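Everything quoted here is computed from the prediction, not taken from an experiment. Quick note: numbers below take in every heavy atom, side chains included, and nothing from hydrogens, waters or symmetry partners.
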Amino acid sequence: MLNDIKKNAQERMQKSVEALRFELTKLRTGRATTALVDHLKVNYYGSDMPLTQVASVAIADARSITITPWEKQMVGPIEKAIHASDLGLTPNTAGTVIRINLPPLTEERRKELSKHVAGEGENTKVAIRNIRRDAIQQVKELLKAKTISEDEERRAETDIQTLTDRFVKDVDGVVKAKEDELMAV
């Protein structure tokens, strides 16, 4: 029973860290990456499809992404999806190839993005601490129901705190890596 509580807490904390990693891949740094457009949805014959299912996305060079639609008539809807996104990028079209040039980030924008990254990291830490609180509450309920002893309760709380510390450290590492990537010129 205690192992289930610990395992559940660990899985939820792991998912929080993975969600943070996914969220940070969407942030635009100075370098081109296909992750910037992976989440875009394109209107394809009346239904929204992921961009990667209607076109090939590639890195042309360090500062540009090329998108080549499978069908010629998809150029317009793809451009529309890029304009409608929150990326703030302008697509350039040459025939059937759409090119997105990434301008270098200004120092001010880098600092702004760095603050955003730190905020996302802090939100993830709060989520992890909430998971810890829930797990410890479940352990206390087991003690109250006299299913476990006080020693087992203390040991479980220590284990849960160790898990929490490990995942908070993981979050710090993810945030630091992204900030370093942002600040690299």
Side-chain angles (χ1 to χ4, degrees), residues 1-41 48-53 57 59 62-63 65 85-89 102 104-185:
M1 207 174 272
L2 284 177
N3 286 337
D4 291 344
I5 292 171
K6 291 179 208 170
K7 188 176 179 187
N8 182 29
Q10 181 176 358
E11 287 172 0
R12 290 175 58 203
M13 288 178 186
Q14 184 65 46
K15 284 179 184 172
S16 295
V17 174
E18 291 307 316
L20 173 68
R21 280 196 178 101
F22 177 74
E23 200 57 42
L24 294 183
T25 60
K26 294 181 191 175
L27 271 185
R28 184 164 67 93
T29 59
R31 276 181 241 103
T33 174
T34 58
L36 282 174
V37 294
D38 280 349
H39 68 284
L40 291 181
K41 300 277 188 221
D48 286 345
M49 299 288 287
L51 176 64
T52 53
Q53 290 185 12
V57 181
I59 307 286
R63 295 226 181 265
I65 300 171
S85 73
D86 58 352
L87 294 173
L89 299 172
L102 301 171
L105 296 173
T106 63
E107 187 64 30
E108 183 180 315
R109 181 72 177 138
R110 286 177 197 273
K111 287 180 180 172
E112 198 177 293
L113 286 172
S114 185
K115 283 181 185 173
H116 178 73
V117 168
E120 289 290 328
E122 199 51 49
N123 290 343
T124 303
K125 287 180 191 178
V126 168
I128 288 171
R129 290 185 196 114
N130 287 341
I131 294 166
R132 174 191 62 192
R133 185 196 63 221
D134 294 346
I136 289 177
Q137 185 62 41
Q138 289 173 337
V139 170
K140 288 190 183 303
E141 286 171 10
L142 288 178
L143 176 68
K144 197 173 178 182
K146 299 199 183 329
T147 312
I148 60 171
S149 68
E150 287 183 19
D151 288 344
E152 288 173 315
E153 177 213 16
R154 273 193 290 281
R155 215 176 357 259
E157 285 181 10
T158 303
D159 291 349
I160 291 167
Q161 184 59 48
T162 305
L163 262 181
T164 303
D165 294 343
R166 189 179 95 213
F167 283 105
V168 165
K169 191 175 177 186
D170 286 356
V171 168
D172 287 338
V174 169
V175 167
K176 173 100 174 83
K178 190 64 175 186
E179 285 177 342
D180 290 347
E181 185 182 334
L182 280 169
M183 290 304 173
V185 179

[X]: side chain to side chain contact (heavy atoms under 4.5 Å, CB included) partners, not counting sequence neighbours:
X: D48; answer: K41, N43
X: K111; answer: E107, M183
X: N8; answer: R12

Original post:
Do you know the tightest heavy-atom contact between A156 and L2?
Top reply: CB-CD2, 3.9 Å

Subject >> Closest non-hydrogen atom pair, I131 against S16 >> reply: CD1-OG, 3.8 Å

Original post:
Counting only N and O atoms by type, is there a donor-acceptor contact under 3.5 Å from the side chain of Q53 to the main-chain atoms of P50?
Top reply: no

Original post:
Got a donor-acceptor contact below 3.5 angstrom from the S114 side chain to the R110 backbone?
Top reply: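 No: the side chain of S114 does not pair with the backbone of R110.
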
Working to the nearest 0.5 Å, report the span between [atom1] of [X] and [atom2] of [Y].
X: Q161; Y: D165; atom1: CD; atom2: CG; answer: 4.5 Å
X: I160; Y: M13; atom1: CD1; atom2: CE; answer: 7.5 Å
X: N3; Y: Q10; atom1: CG; atom2: CD; answer: 11.0 Å
X: E179; Y: L24; atom1: CD; atom2: CG; answer: 9.5 Å

Original post:
If you measure from the Lys or Arg side-chain nitrogens to the Asp or Glu carboxylate oxygens, is any gap between D4 and K7 under 4.0 Å?
Top reply: no

Subject >> Full working for side-chain contact (heavy atoms from CB on, under 4.5 Å) between V126 and R129 >> reply: CA-CA 5 Å; V126 168; R129 290 185 196 114; 4.3 Å; yes

Original post:
Counting only heavy atoms not in E108, do more than 12 fall under 6.0 Å of its CD?
Top reply: no

For residues 135-146, run the donor-acceptor check on the side chains, cut-off 3.5 Å, and write out each pair with its distance to 0.1 Å, sequence neighbours left out.
| from | atom 1 | to | atom 2 | distance (Å) |
| --- | --- | --- | --- | --- |
| K140 | NZ | E153 | OE2 | 3.3 |
| K140 | NZ | E157 | OE2 | 3.1 |

Original post:
Any side-chain heavy atom of R21 within less than 4.5 Å of one from K178?
Top reply: no

**OP:** Check whether any side-chain heavy atom of K176 lies under 4.5 Å from a side-chain heavy atom of D172, and answer yes or no.
**Re:**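 They are not in side-chain contact.
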
Subject >> Sequence-distant partners of D170, side chain to side chain donor-acceptor pair (under 3.5 Å), two or more places apart >> reply: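 D170 satisfies side chain to side chain donor-acceptor pair (under 3.5 Å) with no other residue.
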
**OP:** Could you tell me which residues satisfy side chain to side chain donor-acceptor pair (under 3.5 Å) with E11, sequence neighbours excluded, listed by chain and number?
**Re:** none

